[in-house]
**Student:** 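Let me give you the structure first, and then I'll get to my questions.
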Amino acid sequence: MSNLLDQLDPRQREAVTTTEGPVLVLAGAGSGKTRVITYRIAYLIEQGLARPEEILAVTFTNKAAEELRQRVERLLPGGLPTAPMTSTFHSFCARLLRREAPTLGWKRDFSIYDTDDQQRLVRSILKEFGEDDRAWVARGVLERISRSKTAGRSPDDWQLSANPQERRHAPVFARYRQALRTAQALDFDDLLLEAARLLSEYPEARSRWQRRFRYLLVDEYQDTNRVQYELVRRLAPRPADDAERPNVCVVGDEDQSIYAWRGADYGNILRFEQDFPGARLILLEQNYRSTQPILDAATAVISHNSSRKGKVLWSERKEGTKVRLYEAQDAEQEAQFVAEKIWHYQRHNPQQRIAVLYRTNAQSRLYEEVLRRLEVAYRVVGGFSFYKRLEIRHLLAYLRVARNTSDEQSLLLILNVPPRGIGAVTAQGLRREARERAAPLWEALDVSPNEKLKKFRALIVSLQEELGRKPLPEVLEFALRETGYERWLAEQNTPEAEGRLENLHELIAAARESAERGETLTEFLDRAALVSDSDDYDAAAPITLMTLHSAKGTEFDLVFLVGMEEGLFPHSRSLDSEAEIEEERRLCYVGLTRAKNDLYLTRALARRSWAGTEAETNEPSRFLEEIPEELLERDTSERTVAAAAPGEWRYEPVESAGSQARRSGRASWPRRRRSEDDLTPRPPRRRRDPDYPTGCEVRHATFGAGTVVAVDGAGTDKKIVVQFTGYGRKTLMEKYAGLERV
DNA sequence: GAACGTAGAGTTTTT
DNA sequence: CTCTACGTTC
């Protein structure tokens with residue numbers, strides 16, 4: 001071990017060996033943060049300061065947690081006698097609550113509701129209250145609920161709120177909380193909140209958990225929210241001889257804080273030294289990942305942000321190619337360019353790991369199409385995860401109901417899947433019955449004279465019995481068979497149904513692995529509920545497609561950062577405030593600093609939002625303009641593209657970067673001169689908004705002439721209500737309607 | 001009640 | 001374009 005310490009630079013070594021008291025490690029991108037965390041844990045064990053299970057390390061994803069454990073194990077000559085507790089905040093809280101639930105008044109078998117469950121629930125509540133129950137309304141309500149919960153605000157606060165939306169939806173919020181209680185279900189926020197409540201309201205539980213750990217480590221501390229901060233405070237292990245200086249080490253980088261939108265507060269990291277007096281501050285500023293040109297570009301961009309502690313990263317890798325820029329006519333050409341580059345790079349050096357990073361998941365499709373055409377194998381991270389597939393949710397819902405019969409969302413999800421003659425009318429009747437008896441749905445099932453409902457209940461009971469006597473994979477097979485799901489899919493005889501069946505068998509295989517690791521049903525279901533999109537990142541995959549958010553914590557030899565356009569990145573929904581733009585900028589910084597050797601930035605002049613509508617002339621992302629010209633080099637391959645006949649052009653790689661530089665000169669778009677301190681957000685360019693005052697006459701391509709009745713919203717979301725002659729009243733999105741004033 | 005059709009509406013990031 | 005909601009038919 002001591003010779004392993006030699007592999008660390010002085011700062012890193014300090015971060016590893018400063019074991020006692022609070023430590024704040026501000027770790028710049030690529031500065032060996034993961035290394036510090038793994039070595040620190042190994043060091044604590046090796047020095048006999050703690051047994052592995054006395055160390056709690058909180059990471060951002062389950063994958064990172066698992067990897068951390070493995071890396072520590074590899075560092076120690078004899079391996080690990082026991083496992084350190086490495087997990088995400090959410091998984092840790094779930095585990096804690098499985099033990100402590102009764103203390104807090106929950107069943108030990110509580111369900112965990114993910115975003116999808118929450119959304120279904122909120123929509124049904126909105127419907128019940130006769131409110132607009134469209135998906136995006138529900139999403140908005142949930143966002144506010146989540147923020148309110150972490151901020152400690154209640155439905156009563158909503159009632160008195162200045163925000164009319166909150167006042168209107170206060171009963172929805174109240175009903176939502178009540179519904180979770182009856183269902184014995186906790187959402188993601190509740191996992192954190194209830195764990196925090198346990199640690200604050202039950203001193204004996206707190207000291208039990210505090211004594212359990214001797215050292216606490218938190219990675220990505222800049223992305224913790226208020227409740228997670230509370231948890232850190234409450235869990236921080238306090239040594240008997242120095243209770244004022246708990247052994248808590250947090251690691252993070254304020255420049256990589258990208259989750260403020262979901263309640264994270266990077267003020268947590270900026271305030272750490274006040275929150276934990278006597279904290280040791282360690283700065284890791286040497287970057288071991290990227291070449292200096294890449295680092296310079298990233299530094300140039302991030303320096304436009306105001307609220308930072310201001311680390312200055314440097315690299316010993318002075319040599320390196322400039323950051324390349326490619327401007328395509330449209331999004332298809334952009335994707336084609338990237339795909340062909342990848343093809344060439346990969347042929348030249350198959351060992352290279354390459355990433356395509358984008359702002360929104362929807363962007364992945366084009367890249368997938370082109371890469372598939374070129375027969376390049378790639379991996380997409382996130383997007384639509386395995387556990388979000390409907391068939392998977394269905395089968396898991398059977399298990400969830402069997403384990404927790406109060407779980408009404410899961411029960412309603414499978415009540416008539418596969419179809420067993422329990423339609424909307426019957427389901428509605430069941431719910432009314434339950435409400436009138438003030439009984440849970442499960443009990444209403446029992447007393448119902450409806451044979452179909454009774455049969456359904458018996459099916460669940462038989463599942464419960466199976467769970468009592470058979471291993472998990474066999475129970476899943478039983479469920480798949482006895483519910484009729486398997487037959488139902490088989491009878492459909494379509495490729496889709498076949499795929500679904502395959503997925504279900506994959507789930508059973510996962511259950512088998514889980515069982516082999518000795519996990520219980522609950523552990524299996526919890527993991528299914530808490531997997532994150534980033535969890536399917538595979539560091540060994542040669543080519544990866546993912547969002548910038550998922551890319552945090554990764555690195556690649558070659559990175560393509562695509563869609564560098566105003567309105568897409570920074571995203572149009574993030575232009576309202578300087579704070580949002582700064583977060584987009586940090587996201588850009590994260591993207592740039594993923595690259596080790598080569599970095600391409602691309603943008604498209606035209607991009608369709610969805611088929612059929614005309615494309616816009618996109619302005620380059622402001623982040624491109626923030627990179628000094630001398631660091632950029634324009635890729636000229638599009639000349640080849642432009643010269644070839646449309647539809648049959650081929651991209652010819654340019655041999656040397658030097659020749660490119662000579663030919664390309666400076667970037668081509670007109671650079672608007674802006675002074676350094678001019679931070680006013682520039683809106684993305686848009687067609688000039690014509691005004692549609694109520695009463696004015698308009699013309700629509702399909703509906704013909706009409707009169708404007710009302711206008712709702714503003715900007716890109718502006719909706720216009722028009723009374724058409726012959727077609728009645730229609731609500732149209734202004735940006736797509738193509739209305740004409742007459 | 002279920003299967004199938006058509007019309008209408010709408011894309012940020014995710015533990 | 002693609003997903004959902006709702007109407008029509010059996």
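Letters A, B, ... mirror the listed sequences (proteins, then strands); counts begin at 1.
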**Student:** With a 4.0 Å cut-off on heavy atoms, is A/Asn361 in touch with a base, just the backbone sugar-phosphate, or nothing at all?
**Tutor:**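 Touches sugar-phosphate only.
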
**Student:** Which residue, A/Arg139 or A/Lys452, contacts DNA chain B at a nucleotide closer to its 5' end, judged by nearest heavy atom?
**Tutor:**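 Checking each residue's closest nucleotide, the 5'-ward one belongs to A/Lys452.
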
**Student:** From C-beta outward on A/Trp261, which listed nucleotide comes closest to its side chain: B/dT13, B/dT12, B/dA2?
**Tutor:** B/dT13

**Student:** Please report, rounded to the nearest Å, how far the P atom of B/dT15 is from the NZ atom of A/Lys149.
**Tutor:**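 Interatomic distance, NZ of A/Lys149 to P of B/dT15: 18 Å.
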
**Student:** Using OP1 and OP2 only, check whether a side-chain N or O of A/Arg134 sits under 4.0 Å from B/dG10.
**Tutor:**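 Yes, because at least one side-chain N or O of A/Arg134 sits under 4.0 Å from OP1 or OP2 of B/dG10.
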
**Student:** Would you mind reading off the distance between A/Arg527 atom CZ and B/dT15 atom P, rounded to a whole angstrom?
**Tutor:**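 Atom-to-atom, A/Arg527 to B/dT15, this comes out as 15 Å.
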
**Student:** Go through the structure and list residues passing side-chain contact (heavy atoms from CB on, under 4.5 Å) with A/Arg226, not counting sequence neighbours.
**Tutor:**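 Applying side-chain contact (heavy atoms from CB on, under 4.5 Å) to A/Arg226 gives none.
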
**Student:** What's the closest nucleotide to the A/Thr547 side chain, out of B/dA9, B/dT14, B/dT12?
**Tutor:**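 Selected nucleotide: B/dT14.
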
**Student:** So which one's nearest nucleotide on DNA chain B is more toward 5', A/Asn62 or A/Asn416?
**Tutor:**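 Of the two residues, A/Asn416 wins.
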
**Student:** Please give, in whole Å, the distance from B/dT14 P to A/Lys388 NZ?
**Tutor:** 8 Å

**Student:** Does B/dT12 have A/His571 stacked on its base, where the ring centres are within less than 5.5 Å and the planes differ by under 30°?
**Tutor:** yes

**Student:** Measuring from A/Leu96:CG to A/Leu198:CG, what's the distance to the nearest 0.5 Å?
**Tutor:**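 Those atoms lie 6.0 Å apart.
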
**Student:** Please state whether the phosphate of B/dT12, meaning OP1 or OP2, lies under 4.0 angstrom from any side-chain nitrogen or oxygen of A/Arg359.
**Tutor:** no

**Student:** Given B/dT12, B/dT15, B/dT14, which nucleotide is nearest the side-chain atoms of A/His90?
**Tutor:** B/dT15

**Student:** May I ask you to decide if the ring planes of A/Tyr259 and A/Trp261 are parallel, tilted or perpendicular, using 30° and 60° as cut-offs?
**Tutor:** tilted

**Student:** What contact category does A/Phe60 fall into here, base, sugar-phosphate, or nothing, at under 4.0 angstrom with non-hydrogen atoms?
**Tutor:** sugar-phosphate

**Student:** Please give, in whole Å, the distance from B/dT13 P to A/Ile581 CD1?
**Tutor:**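 Roughly 19 Å, once rounded to whole Å.
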
**Student:** Using a cut-off of less than 4.0 Å, is there contact between a side-chain N or O of A/Arg123 and OP1 or OP2 of C/dA5?
**Tutor:** yes

**Student:** Taking the side chain of A/Phe188 as heavy atoms from C-beta outward, which of C/dT4, B/dT15, B/dT11 is closest to it?
**Tutor:**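 Nucleotide nearest to A/Phe188's side chain: B/dT15.
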
**Student:** Output the single nucleotide from B/dT11, B/dA3, C/dA5 whose closest atom is nearest the side chain of A/Pro419.
**Tutor:**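 Selected nucleotide: B/dA3.
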
**Student:** Taking the same atom, C1', in C/dT4 and in B/dT13, what whole-Å distance lies between them?
**Tutor:**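 Result for the C1' pair: 23 Å, nearest Å.
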
**Student:** Any idea which of C/dC1, B/dT14, B/dG1 is nearest the A/Arg365 side chain?
**Tutor:** C/dC1

**Student:** Among B/dT15, B/dT14, B/dG10, find the nucleotide with the atom closest to the side chain of A/His549.
**Tutor:** B/dT14

**Student:** Locate the shortest heavy-atom distance separating A/Asp190 from A/Ala185; write the atom from each residue and the value.
**Tutor:**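 That closest heavy-atom pairing would be OD2-O, 4.4 Å.
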
**Student:** Is it true that A/Gln409 and A/Asp117 share a donor-acceptor pair across their side chains at a distance under 3.5 Å?
**Tutor:** no

**Student:** With respect to the side chain of A/Val425, which nucleotide from B/dT13, B/dG1, B/dT11 is positioned closest?
**Tutor:**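 Comparing B/dT13, B/dG1, B/dT11 against the side chain of A/Val425, the answer is B/dG1.
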
**Student:** Of the listed nucleotides (B/dT12, B/dT11, B/dT14), which one gets closest to any side-chain atom of A/Ser550?
**Tutor:**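 Selected nucleotide: B/dT14.
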
**Student:** Nearest 0.5 Å, please: how far is NE2 in A/His549 from OG1 in A/Thr360?
**Tutor:**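 Rounded to the nearest 0.5 Å, the OG1-NE2 separation comes to 11.5 Å.
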
**Student:** Rounding to an integer number of Å, can you tell me how far A/Arg262 CZ sits from B/dT12 P?
**Tutor:** 17 Å

**Student:** Can you tell me which nucleotide in B/dT12, B/dT14, B/dT11 comes closest to the side chain of A/Trp136?
**Tutor:** B/dT11

**Student:** A/Leu142 CG to B/dT15 P: how many Å, rounded?
**Tutor:**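 In whole Å, B/dT15 P and A/Leu142 CG are 16 Å from each other.
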
**Student:** Distance check: side-chain N/O of A/Asn225 vs OP1/OP2 of B/dT15, anything under 4.0 Å?
**Tutor:** no

**Student:** Using atom CD of A/Glu496 as one end and atom C1' of B/dC4 as the other, report the distance to the nearest whole Å.
**Tutor:** 15 Å

**Student:** Check whether any side-chain nitrogen or oxygen of A/Thr426 sits under 4.0 Å from OP1 or OP2 of B/dG1, and answer yes or no.
**Tutor:**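 Indeed, a polar side-chain atom of A/Thr426 lies that close.
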
**Student:** Could you state the CZ-P distance from A/Arg586 to B/dT12, rounded to the nearest angstrom?
**Tutor:** 20 Å

**Student:** When you measure from the centre of the six-membered ring of A/Phe173, is the NZ or CZ of A/Arg177 closer than 6.0 Å and no more than 45° off the axis?
**Tutor:**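 Yes, cation above the ring, under 6.0 Å and within 45°.
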
